[in-house]
2 protein chains.
Amino acid sequence: MDVTIYEVAQRAGVSIATVSRTLRGTGPVASKTREKVLKAVEELNFTPSRLGVSLAEGRHAANGIVFPNLSGPYYTEVLLGYEEVASELGRSVLILSTTGRTRVRDLVKDLAGRVDGLLIFGHTAPDDVIAELIQVGMPLVFVSREPLAGADTLRAENTASARLLAEHLALHGYERFAFLGAPLVTGDDVDERWQGVRSVLGAAIEAVPTGHYTVDDGHQAALRLLRSGDRPRAIICSDDEVALGALLAAEELGLAVPDDVAVTGWDDIMAARHARPALTTIRQPMRELGARAARALDELITAARSTPNHLTLTTELVIRASCGHHPQEEPR
Amino acid sequence: MDVTIYEVAQRAGVSIATVSRTLRGTGPVASKTREKVLKAVEELNFTPSRLGVSLAEGRHAANGIVFPNLSGPYYTEVLLGYEEVASELGRSVLILSTTGRTRVRDLVKDLAGRVDGLLIFGHTAPDDVIAELIQVGMPLVFVSREPLAGADTLRAENTASARLLAEHLALHGYERFAFLGAPLVTGDDVDERWQGVRSVLGAAIEAVPTGHYTVDDGHQAALRLLRSGDRPRAIICSDDEVALGALLAAEELGLAVPDDVAVTGWDDIMAARHARPALTTIRQPMRELGARAARALDELITAARSTPNHLTLTTELVIRASCGHHPQEEPR
DNA sequence: TTGTAAGCGTTATCAG
DNA sequence: CTGATAACGCTTACAA
């Protein structure tokens, strides 16, 4: 990309203003002139410099997204939904992964300087940068986090479905529960799930931490949990990956799921259906979260909307085999 | 981000050149002046406009990456390795996902206009755009593709390990094989794997297509394959995800792995170790591929190097349970 | 040590 | 309809 609008103008025998007008369709251009210009553009294989355009237009035509990592389908799916819609809207997407990173503050600020708007997962960005960004009016949408003034927040419903799940498990007659993948910060998705199940299970459930929310960490934590003296009758996991890890641990210890210990997940990632036994879980529209975030950002950026939106998408309890036997599945 | 270098200069009572010098550490600045400038910067909370900087510097300080999708760990891992190193080198990364996209040509060109260099997976970008990009001297590194003039290519070794794997399976005494996940384009990783195994197995192996290289598609294809009259004794899969799908299919049909049918994968993703039975596979340094690509691009961009490199990283045959019983594992 | 001014590549206003 | 020309926000010779 080396040829500039000046060369095109010169070759076409017109001014750069005319070239610009022709290419963007803004303002009138005589059809003979237009032809000359297009011909020159063609011959020179001219593409307007993004930098020049952006500087003049005063916008990047790009969105950012900050996530912890990409282990497992959750962030990945949201990311893809986001990128697809952003792309439709003519915006590129810049990514920033924060786990294992030092100076996240600076990275986020730098990213913010390159885009017109940002999707931020949960609490992956330091509060003070967020405050700064809101302060300067940068369009922001948070996914998987409690509402926040000055920015959009978007999440899938957690508490109600957590209750639904807890109640379903209680109906199985289980009495001791564990919540594997204890919340790390208050106000994010996992915390809401925990609050939800605890609100119905009360003292019968205890929170067990896992480190990260990965298959591996779930596996390790479940191993410890299941080996302990009084193991729970049912393990409600923070998400499907942790649950997959729990399934592994149970198998390793020779425990049958759901007969010895029931296990449930969250998200309904593809592997949940394929797991053995298939995971009872809560389906959450990951792709749509990303897509909606991109659209919300677009509204904010184009100033089609100025007041923040706080949206909660509905989820669905998906009952499969891992939570216990159900009459309709096992006719007597 | 609204305050410009002019306001800082004014407030500090100096020229914009001095502000720039102070901030970038280029050229001399009296320490008293420096202090005044830094104070003004602080008070105004000034951050140089990325667009301004890039336009003046003549570089984006950003890299792009184009991949088909993010289903499964392979692209994801490479992406993360890439982003991490790019970030260390002070470059942001812009992504472009191509599956299900129309006008990939335009998307790639647009992306190219926003970055200093591009990592492109296999054959995800149309040949003519690639030719154009090489033509204009855009730094390019291809991952998982056969060498190409005018750009770096980077891949993990395929053919030799494919032979190794095939020979190992032959030692088990198997006679009929299938390669699940037939190559879609010639010259990419999967094609090399196929060529490798076929070179030792000859007519004893047949290629079976899967659509995409996903768990689901592998599952479906394996189901058809295993139901057919003369099912193969061993299934060599194009990658771990397809293999995971094959495992599912075998289980569904009541076939024991490896006793009724052996299955192998490729990549050694995390799930391969956790699968039941654990997958025999070829370990490939995905993260490192991404990291190296970022460094290679940096060399090309900074003109530290001008001749293309074509690098092949070594892989490792990881023998686990899914390919058959081994003496050392099962002492008589 | 500091300031002036010429780029960098567009867009868009305002006269013709 | 078209062309000067002033932004846009910075970097960097070149002078002083």
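Predicted model only: the values in this text are computed from it and were never measured. Proteins come first, then strands; the chains are lettered A, B, ... in the order of their sequence lines, and each starts at number 1. Heavy-atom basis, side chains included; hydrogens, waters and symmetry copies ignored.
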N/O contacts under 3.5 Å, protein versus nucleotides 14-16 of chain D?
none

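Within residues 50-60 of chain A, the residues that have a heavy atom under 4.0 Å from DNA chain D are, in order of number, A/L55, A/A56. Taking a 4.0 Å limit (strictly below) on heavy-atom distances, residues 28-35 of chain A reaches DNA chain D at A/P28, A/V29, A/A30, A/T33.
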For residues 133-149 of chain A, which side-chain donor-acceptor pairs fall under 3.5 Å, sequence neighbours excluded?
from, atom 1, to, atom 2, distance (Å)
A/S144, OG, A/D189, OD2, 3.0
A/E146, OE1, A/H123, NE2, 3.2

For residues 52-66 of chain B, which side-chain N or O atoms pair as donor and acceptor with protein atoms under 3.5 Å away, sequence neighbours left out?
from, atom 1, to, atom 2, distance (Å)
B/S54, OG, B/R50, O, 3.2
B/S54, OG, B/R50, NH1, 2.8
B/S54, OG, B/R59, O, 3.0
B/E57, OE1, B/R59, NE, 3.2
B/E57, OE2, B/R24, NH2, 2.4
B/H60, ND1, B/R114, O, 3.3
B/H60, NE2, B/G113, O, 3.3

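End-to-end axis angle of the helix from C/dT1-D/dA16 to C/dG16-D/dC1, using five pairs per end and rounding to 10°, comes to 50°.
Of the possible polar contacts, one joining the B/E7 side chain to the B/T4 backbone as a donor-acceptor pair under 3.5 Å is found. Remark: side-chain polar atoms of B/T99 are paired, donor with acceptor, to backbone N or O of B/P68 under 3.5 angstrom.
In this structure, A/K36 atom NZ and D/dG3 atom C1' are separated by 13 Å, rounded to whole Å. Atoms OH (B/Y6) and P (D/dA7) sit 11 Å apart, rounded to a whole Å.
With sequence neighbours excluded, no residue satisfies side-chain contact (heavy atoms from CB on, under 4.5 Å) with A/Q10. Looking at residues two or more places apart in sequence or on another chain, you find a side-chain contact (heavy atoms from CB on, under 4.5 Å) between A/S15 and A/A17, A/T18. A search for side-chain contact (heavy atoms from CB on, under 4.5 Å) contacts involving B/A291 returns B/V85, not counting sequence neighbours. Scored by the side-chain contact (heavy atoms from CB on, under 4.5 Å) test, B/D298 finds B/L89, B/R91, B/T302 as partners (sequence neighbours excluded).
Among residues at least two apart or in separate chains, there is no salt bridge (Lys or Arg N to Asp or Glu O under 4.0 Å) pair with a member in residues 61-70 of chain A. The stretch residues 287-296 of chain B participates, sequence neighbours left out, in these salt bridge (Lys or Arg N to Asp or Glu O under 4.0 Å) pairs: B/E77-B/R287, B/E288-B/R292.
A/T4 comes within 4.0 angstrom of sugar-phosphate atoms only, judged by non-hydrogen atoms across all strands, and of no base.
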